Every structure is written in C-alpha cells, then in structure tokens.
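Okay, structure first, notes after.
Note that the coordinates shown come from a computational prediction; the quantities given were computed from them, not determined experimentally.
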Amino acid sequence: MSNYISPSMAGSSRLAPGSSVLSGGPSSASNGTTRPGVLVPTNSVATKDGAVVRARIDPTLAVDDVIRQLCLNLKIQDPPVLYALRDDADELVTDDNLRKKIKGKVNLKLVSAPIIEAAEIVEKLSMRDDKTLRMTLFSLQKFIREEQFANEFLQRDGLKELIDVIGVSHGNTLAYALNAMQNLMELDYGWSTLDQPFIHTVVQILSSSNSLINVCRPATAILKKLVEADPRSQPGPITASSSRAPPAAPPGSVYRYGFDVVWEQMRRERGLLETVVSRLGSADSLMVLNSMMLINSLLSHATDAHWEEFTSELERLNVRKAVVRLMSSHVIEDLTSSILDFQANEVRFILRRKHEPVDPLENLDHFNSLRDIWQMSKLEEEDDVQNEGALRKWRKLGFESEDVTQEFAGVGVLGLNCLKHFVENDPDSFAEVVLEQLNRPEERRCPVAKASNEVVELLCEHWEIFAPGYSTSTTFQPFFLNFYKVHVFATQFILRMWNESGAAVDDFARVVALARSQVKVALRHENVRAWHEVENDFLESEYRAVRDRQMKELENEDDLLSKVPVRNLRAKLYKESFEFVRQQRVQCLLQGAWFVNAIPLTSASAKDASRRPTRPWRFMRLDNGLKYLNYVDSAVKFQVRNGLEDLPERIDISLITEIATGTCAPPPNVLPEHMDVPPSSPLHASPLSFSLLMGQEGSLADQIAPDQSRWADWTDGLNMLRRDGGHVATQETAGFVQALTEIGLKIKLLDLSGEKVEIPSGLLAGPPPPNNDFFFSDLSFDTQV
C-alpha cells in the first residue's frame, strides 16, 4: 500500500487515506515533514482488524459517503451500510457532528453500523447469560440514545426483551438495564407499550429498602418520566373541548401515562412515598436530586382525583422539613433549582388550599377538624339570648357568625388548617386564651379565630401567593416552608399586642396593621436568618417599639396600598408582569448571544473533558420551536446571520435538568481582565457563569455571559423553558416583575385618585331583599303547557 496519495487521487475521492500503522511505512505525519502535493491527514481511523490509517476527510461530505470511501480505499468487501464511525468515547459520528470531529482531529473507529449492533444486542439479551448480559446492557445504555440504533432495537422487539430482563435482574445488571430504559425514554417515541405490570415492577424496585443506590437513581427517573408523559403535556396544538377529561393520546404516542397511572401503582406499594422522602437525606447527591425531581413532578401533575390523598400523604411525611434540611446541606450546589421548583410547587399547594371552600356538611375532614377545634376549646354551646332559637357556638371562638363556611370564605381550607395547627400547638393555652376573652366585656374581647384568618391573609400577602405558577423567589425560603409554624408565632403576636395595647373591638384593624409591620421585619432576609431570631421578633418585641416603628413606616407609605381591593389589583398585575417578563426573556434567547466557553470548577470525567470546546467563544440561539439551543464555537466573534445556518451544533433543552450558576471560571487570555493570568493560577468562579447540567451525565455547556443583564436573561429564560422549571433565579428578573407591578398599580390608581374615588377597605355583601315581589321572580323554565 502506498504511503501517500497523489493530489489527483485525493481530489477524486475527497478522502485520502495515508499509511497503515500495520504496514510500518513512513508517513508525513510521523516524520514532521509534508511532501509537496500531499494532503495532510485530518483523522486517524481504526478498523475492526486493528489497523490504523491516517485519512483526510472532507467536512462537506455526508457520513455515508465518508464510510463508502473508507471501505473502497481499505478494500473492504462488505456493503458500506453495515459500517459506522465512532470516536474513542463510542459517540456515533453523524452529519451533525462530523465537522466538529474533523476540526478536533478526533481519533475515529470503523465499527459495525447501529442496525447490526442493535440486532446483536437484542439477540444477546435473550440469552440470559449473566456475564454476557451485564456487558450487553452496559453497551445498550450508551447506544440506545442514538436514533438509528433505537429504531432498529425497537423494530426487533428489543423493548420486550429489556422489560423481561428488568423483571428478573438484580444488582449492577438491574442498574444497567434501568439506565438503558431511562435513556430510551429520553426519546419521544418507542415506549408507548409500557404497561401497568412494568410500572408496578419499577415501583417495587424503588420501594425496596434493599435496592442499591445505582438501581434507585434510574428507577426514580423512569417514574418521573412516566408522570410527565401526561396526555395534557403532549406537544402540538391544544384543541378546544368542553370535556374536563384529559385528551386522548394519539396511537403510538408516549403521552398516555401521567400522574393517575403512576399513582395507581404507587398506592399498591405501601411506604413508597415514605421511601422517596427518606432518600432526600441520602449521602448520594444524585439520588437526592432524582428524588426531589420526582416529588416536584408528582406535585406539578397531580390531578383533582387524587390531589387530596397525595398532598395529605406528603404533609404526613413532613416533606417540607426534609427540604429545609437540604437548604443547609453540603450538596446544595446540585439541588438549587429543584429546591426552588419545590418552593414554587408549594405556592401552588398553599394557594389551592386557600381557594378550597370549607364545607363541613360535605367533607368529613373539614367536619373533623372543626370538631377537634371545638373540643380543645373546652367550651359549651349555649342559647343565644338575643336571637331566640339560635345557638351561640363559633362566635365564642372569635368568629363573627355561626356560619363557618362563610367565616373561612377568604382563606378556605388553608385558614381552617392553620387554626387547627394553632390550637394543636398548645391546646391548654388555647383554651385559657378563649376563656380569658369570654370573661372580658364583649367590646374588649380579641376575636381569636378572626385573628387567625387575618394572619393567613398577611402571610399570603408577604410571600406573594397570588397565582399558581408565578413565583419570583430567587432564594431559599425556609420560613415559607414552615407556614403553619410562622402562623402560630404571628397569631400569638396579635394576641399579645391586643393585651399590651388594651385594644377594643374597633381597634382590630390597628392591631392587624401592627402584625403586618412585624411580619415584614421578622421574615426579612429569610435565607440567612435563624429560627430563634424569628421567634424572638414575634414573641419578645415590645408593643411601644413595634408601634413607633410602624408609625415611621406609615409616614413613608400610603394607607391606600394596604386596602383589600388594591391588594387584589396588585395580584392581578403581578401575574401579568410575570408573563410579560417571561416573554421578554424568551425573546432574548431567540435573538441569541455570544458567550465565553468556561472551565468548570468541579472535577470532570474524561467524557466531560472530551466534550469541552477547544475554541474560546460560543454563539447560542434558541430555535423557534423552543426545543433546541443551536450554537457554534469560534476562535473570534463574527456577525451571525439570522436563522440557524451558521449554528451547526445544538443542545436538546429537554435534557437539561438544572441551570447552575457560579460554577465555572474564565479561561486565561480571553477576557480583558484575565489577559495576564498565568495558566497555573488557581481558578475562581465567575459570578456571570452558568452551566447546563444533565443529571448524572454532567454538563452540556459551561458559559460566561458578557454582562449581568445577559446572564439574567439566559439563566431565567432557560429556567422558564424547562418542563419542570418556571422559577426565577436572579434578582434582576424578580426586580423587573416587581417594578412593572408597582408601575402598573400606580397608573391604575391615578385614574381613581384623579376622580377622588374613595376605595373601601373591604366589600361586604348587602342584605337580602325583604321579599321576592319583583317581576322575574315567578319566571319558570317549565315548557310544558
């Protein structure tokens, strides 16, 4: 075989193999010289028989053409369709990444095509030989992500074989099989035949205390994927329908599962949810992350049919306490996004409880809660002397009427649960407080139950619990996750202020105003303050000091803003502002931007190191379908045209599990402030850096934004695009939402203040009509003559 190919031959074939290592001949690559008229090889290609050839590959060719030319020049008799190219990391060379492999001079291997590998793996899966099975599954979990391989694997009924293996395997073999299934489910097709027995098998694996960590991780991810494969989540246009049932999944669609399907199997394994919550305390950070993501998915997709049962179980397991512990844990870097997502889900939970009406006649839980509250008060019903035939019961606890459904109308079941928790916190003290109020003159009594409901409103206002899906918290909120405990402190504060100020019934609004001021002070800097400081602020603050501070606040505030109609208007504007900022962030992603390719600070695997770009700059742009981040790496910035023609590479947004910030350092001699930094200097994280993480697979991209605004645009924009995301991570975005809300509120109020319209503090329903003697009272819909 000749060591060199003439220019004419290279030009005709457009792929020029050099010398084979096995032939032992010299080559221009080995002696450092280039003979005139000889093309410089771009890549080394290893063949199945161990030979290594140097070849120059034209980047404009299709991969099929490259393989065809290789087979021709190497005199391989088999059809080229039976071969494929892979790199040393076994990544398949495709038309999308061929240019990148050539530019990086990556070593390549000429191996069996995915269709051949798929056929061989399916055959080996049916053998059930333990050693062969383990090696086969290890390869399968890598190859199954490839579309060509997956199609052939599915066509040969490989999914059935894989399910059978999962049903009988254990240990590392089971871990490999579950990893393969998890990777297959990253495709949006091919697994629509997974049935109830399979889901139950995964649930059993996950609920077993004997399951290994590397088995539980993929099992948790599989359940999460099944929960998210809800018919309501299927892509495509949403058709209008008056039916409240979920839309039917098209034939072959994987969007046929969802919460109800998974929850049905979870209920069969008692203790599964308890096991998942307990794993939030695991030392394995990836196990913790997967468990958090599963809980978040369940919360996000829970349906009305099982909402009460599911959330009650979570409350019984005290999942909030487990999440609060994670906030101070050493693995927090990997969990930030998931904890913020949980906080956003908790906002949905609190708001739903607040809007759920209390109905003791129809709901046994509501009846039992009210019965327990009354029994712990140690009071007795009595006849109402002012209203013959009526009883005096709930008014003794501080309600304004005996209609508890109406009394809880503003705070719903949330208010009922808060009052019950307040009573259960110290039943004897509650009984004493109620009895003490009843022994006072009626005008001096503190309405305990009414105060409890008012505290619920204050806390919802403080934490901006306005609407599901809209949360601008950028920091951890451990006090928010202890809503009931804060409610107890704040209610005790109102009772104490009532006593210390000698308040009367007409002073209720004034005492509530003191509580509103104290809530702001006690819950400030929530992510750094300790619980004992909060408790001290509520239980030890003196009335005079609180009153003096509140008076100073009133000098700088407008009482108009604290009125209920204005607060409701702010809630409406808040939702509109959030959606506006979300659209603005997505538009920034659609326009695209230049970033610096950064150096991650965490120890990376060899696979991550091979992915790391060699060029310092990267331009990224979101496609119009909002599914992919298209990008190009370059040595210098250049004018990128509209569209995606200049952006050959892409990242699937559905693979991103977290957008981590402050995770990487700038490379030397790229940014102006790092031009003279020696390569051996220690690396320091840039505040403008962020990483797109893909679970256990590591980082998909590590970037540094050019400025603070671009950093906020992209980190929050990507968070809002994630299927299980939606939270805001930067102060800039949260500030924009707040500023737009306040500006909109003031503009709306200008119309009213200009006309000198008096805004009431609250709206009360008028009395019913004295009689029904009006013209339409006798109208009937009976059409019979």
Ionic contact status for [Y] with [X], cut-off 4.0 Å:
{"X": "Lys124", "Y": "Glu120", "answer": "no"}
{"X": "Arg86", "Y": "Glu146", "answer": "yes"}
{"X": "Lys101", "Y": "Glu91", "answer": "yes"}
{"X": "Arg156", "Y": "Glu152", "answer": "yes"}
{"X": "Asp284", "Y": "Arg279", "answer": "no"}
{"X": "Asp87", "Y": "Lys109", "answer": "no"}

So Met181 and Gln141, side chain to side chain contact (heavy atoms under 4.5 Å, CB included) or not? Walk me through it. CA-CA 8 Å; Met181 180 63 75; Gln141 65 182 354; over 6 Å; no
Could you check whether atom CG of Asp195 has more than 12 heavy atoms from other residues, nucleotides or ligands sitting under 6.0 Å from it?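 Correct, the count exceeds 12.
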Decide if atom NZ of Lys160 counts as having more than 12 heavy atoms of other residues, nucleotides or ligands within a radius under 6.0 Å.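 Count not over threshold, so no.
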For [X] and [Y], does a side-chain donor sit closer than 3.5 Å to a side-chain acceptor?
{"X": "Asn345", "Y": "Ser300", "value": "yes"}
{"X": "Asn151", "Y": "Tyr189", "value": "yes"}
{"X": "Gln703", "Y": "Arg618", "value": "yes"}
{"X": "Asn630", "Y": "Glu649", "value": "no"}
{"X": "Lys225", "Y": "Ser297", "value": "no"}

Which residues satisfy the ring pair (Phe, Tyr, Trp, His ring centres under 6.0 Å) test with Tyr176, sequence neighbours excluded?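 Scan of Tyr176 (ring pair (Phe, Tyr, Trp, His ring centres under 6.0 Å), adjacent residues dropped) gives Phe138.
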Report yes or no: is the cationic atom of Arg650 (NZ for Lys, CZ for Arg) under 6.0 Å from the centre of the six-membered ring of Tyr628, at an angle within 45° of the ring normal?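 Ring-cation test returns yes.
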Less than 4.5 Å apart, any side-chain heavy atom of Pro648 and any of Val632?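 Contact flag for Pro648/Val632 side chains = yes.
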Give every residue pair that meets the ring-ring contact (aromatic ring centres under 6.0 Å, His included) criterion with at least one member in residues 78-112, sequence neighbours excluded.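 Sorted result for residues 78-112: empty, none.
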Under the side chain to side chain donor-acceptor pair (under 3.5 Å) criterion, do Ser44 and Arg54 qualify, and how do the steps go? CA-CA 5 Å; Ser44 294; Arg54 301 277 291 165; 3.0 Å; yes
Look at the rings of Trp594 and Phe619 and say which category their plane angle falls in: under 30° parallel, 30 to 60° tilted, over 60° perpendicular.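 Correct class here is perpendicular.
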Are Asn214 and Asn172 close enough, and set up right, to give a side chain to side chain donor-acceptor pair (under 3.5 Å), and what steps lead you there? CA-CA 8 Å; Asn214 62 342; Asn172 288 333; 3.0 Å; yes
